[in-house]
Amino acid sequence: MKQGSESQPHTVTAVYVKGRTDCDEKSDHADLVKEAEKLLESRAHDGDQQASFLLGQLYFEEGCYEEALQQFEKIKEKDLNALYQLGVMYYDGLGTEEDHKKAVDYMNKIAKCDTPKAQTIKHAALYNLGRAHLEGYSVKHSDAEAERLWLLAADDGNPKASIKAQCALGMFYSRPHTMDLKKAFFWHSEACGNGSLESQGALGVMYLKGHGIRKDTLSAFLCLKEAAERGNVYAQGHLVSYYYNNKLYSRATEIAKRISKYDDIPAIARTTDCLPHYVKQGIAIALFYYARCLHLGLGVQQNKEEAMQFYSKACCLDTDIFAELQDEVISGKI
């Protein structure tokens with residue numbers, strides 16, 4: 001589905017590489033894909049239902065969305081995984097025109113299914129339905145319904161449930177009109193414990209600012225550092241802030257300079273599975289502090305002209321973040 005949605009967890013690579021213990025590790029990827037396609041087509045033709053789904057999934061992973069759509073359409077009445085993936089594709093317009101109504105109908109069908117086969121994707125379907133209600137796609141916008149569906153999808157922090165729903169609840173309870181920072185901290189903690197990179201960065205900031213939990217700079221640093229090393233740009237920006245405010249200017253400028261070269265926010269968001277909004281915020285924070293260091297000659301040779309360029313870039317990326325940091329400069333906090 002749309003930004004922040006949960007897509008099909010299956011992957012085909014392991015399926016078609018398994019059994020090829022003698023294959024050269026340097027084999028061309030295209031040859032492997034072609035071989036997998038041939039093998040799965042043969043098995044699907046013989047009536048292997050799992051092979052039929054995996055063939056569609058192979059097309060999906062390779063970006064051949066029209067072929068994937070056709071394959072999933074063939075088996076959607078017999079395979080809930082195919083129906084689920086079709087829901088994702090119709091929502092995003094992958095291989096077809098966007099059809100939010102059809103996407104929501106498919107997700108509802110999965111969410112209401114009580115068969116054992118549905119359990120592995122039911123939580124993901126509930127999460128996606130929550131996103132639909134939050135965004136008002138094909139259904140009436142409703143924060144309450146989004147919250148209800150996400151709570152079902154999160155399943156009390158079950159690691160086998162939707163980790164994205166757990167993270168989404170952390171974000172939901174951090175919004176101004178649905179704010180409950182203790183709940184936000186709880187759900188980000190659950191999601192982080194289950195592997196969410198987005199929530200790990202959010203937890204670091206909550207510890208840093210004392211939101212929903214007692215302020216703890218050591219825990220904040222450890223969370224931010226690990227999340228930053230894993231690629232969370234929001235955490236990287238706040239780590240620059242942490243180093244700057246602790247007068248570790250060389251370290252702050254070293255990280256900020258690296259972040260200043262980031263130029264493909266959508267690609268970073270896809271790679272890290274973090275929301276583009278927070279990727280953008282992380283870059284804006286880093287650019288502001290880098291500009292500040294250049295302006296004052298802290299940890300780097302002073303260059304006021306270059307500083308102004310980075311101030312401008314930070315402002316263009318996120319005016320609210322820029323205004324907030326500029327206010328802190330005026331008040332003497334930075």
Side-chain angles (χ1 to χ4, degrees), residues 1-15 40 43-44 47-61 65 68-96 98-135 137-140 142 144-169 172 187 190-191 194-196 273:
M1 287 191 177
K2 290 293 181 184
Q3 171 182 312
S5 63
E6 189 153 12
S7 57
Q8 182 59 250
H10 291 78
T11 180
V12 180
T13 306
V15 175
L40 292 171
R43 291 183 178 178
D48 187 331
Q49 187 171 313
Q50 184 183 26
S52 295
F53 169 75
L54 290 174
L55 179 59
Q57 191 65 8
L58 175 64
Y59 289 138
F60 184 89
E61 290 173 1
Y65 297 123
L69 189 82
Q70 291 173 9
Q71 185 63 28
F72 291 139
E73 284 284 3
K74 291 178 185 178
I75 60 174
K76 68 180 181 183
E77 300 300 330
K78 298 179 180 180
D79 193 314
L80 287 173
N81 288 315
L83 186 67
Y84 176 91
Q85 201 70 322
L86 281 172
V88 172
M89 296 181 76
Y90 278 115
Y91 211 106
D92 284 344
L94 299 174
T96 182
E98 289 184 359
D99 189 335
H100 297 153
K101 184 179 185 306
K102 186 177 285 188
V104 169
D105 286 346
Y106 286 174
M107 291 297 172
N108 269 318
K109 186 174 181 179
I110 294 166
K112 292 175 182 177
C113 187
D114 291 324
T115 64
K117 289 184 179 180
Q119 297 311 306
T120 56
I121 53 174
K122 192 169 183 175
H123 291 114
L126 287 166
Y127 166 76
N128 288 331
L129 286 171
R131 289 293 304 182
H133 280 278
L134 188 76
E135 296 166 346
Y137 284 114
S138 185
V139 291
K140 184 179 179 181
S142 172
E145 185 63 6
E147 180 185 17
R148 184 187 75 82
L149 289 163
W150 281 341
L151 286 169
L152 290 172
D155 194 17
D156 294 324
N158 180 357
K160 294 182 180 180
S162 171
I163 297 170
K164 289 187 75 69
Q166 294 161 10
C167 178
L169 285 167
F172 181 82
W187 282 112
E190 293 298 303
N194 291 328
S196 170
D273 198 22

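As a basis for the values below, the full set of heavy atoms in this structure was taken, side chains included, without hydrogen atoms, waters or symmetry mates.
Summarising the geometry of Leu40 relative to Ala51, their closest heavy-atom pair is O-CB, 3.9 Å, with the distance given to 0.1 Å. Pairing each heavy atom of Leu149 with each of Gly130, the nearest pair is CD1-N, 3.8 Å. Closest approach of Ala153 to Ala161, counting heavy atoms only: O-CB, 3.2 Å.
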Query - Step-by-step side-chain contact (heavy atoms from CB on, under 4.5 Å) determination, Leu55 to Arg43 - result: CA-CA 10 Å; Leu55 179 59; Arg43 291 183 178 178; over 6 Å; no
Requested in this report: Using the ring pair (Phe, Tyr, Trp, His ring centres under 6.0 Å) rule, take His100 and Tyr90 through it: C-alpha gap first, then chi angles, then the decisive distance, then the call.
Outcome: CA-CA 6 Å; His100 297 153; Tyr90 278 115; over 10 Å; no
Query - Evaluation steps, side-chain contact (heavy atoms from CB on, under 4.5 Å), between Leu94 and Leu69 - result: CA-CA 8 Å; Leu94 299 174; Leu69 189 82; over 6 Å; no
Report task. Could you go through the side-chain contact (heavy atoms from CB on, under 4.5 Å) check for Tyr65 and Phe60 one step at a time? Result -> CA-CA 5 Å; Tyr65 297 123; Phe60 184 89; 3.8 Å; yes
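With sequence neighbours left out, Glu145 forms a side chain to side chain donor-acceptor pair (under 3.5 Å) with Arg148. In this structure, the side-chain contact (heavy atoms from CB on, under 4.5 Å) partners of Ala191, at least two apart in sequence or on a different chain, are Ile163, Gln166, Cys167, Ser196, Ser199. For Phe72, the ring-ring contact (aromatic ring centres under 6.0 Å, His included) partners at least two apart in sequence or on another chain are Phe53. Remark: Asp99 pairs with no residue by the side chain to side chain donor-acceptor pair (under 3.5 Å) rule, at least two apart or across chains. The side chain to side chain donor-acceptor pair (under 3.5 Å) search around Asn158 returns Asp155, not counting sequence neighbours.
For Gln49 (side chain) and Lys78 (main-chain N/O), a donor-acceptor pair under 3.5 Å exists by modelled atom type.
You'll find the side chain of Val88 reaches within 4.5 Å of the side chain of Tyr84, heavy atoms only. Considering only heavy atoms from C-beta on, Leu58 stays 4.5 Å or farther from Gln71 through its side chain.
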Identify each donor-acceptor pair in which a side-chain atom of residues 105-118 lies under 3.5 Å from a protein atom, sequence neighbours left out, and give them as a table.
residue : atom : partner : partner atom : Å
Asp105  : OD2  : Lys101  : NZ           : 3.1
Tyr106  : OH   : Lys76   : NZ           : 3.1
Asn108  : ND2  : Val104  : O            : 3.4
Asp114  : OD1  : Lys122  : NZ           : 3.1

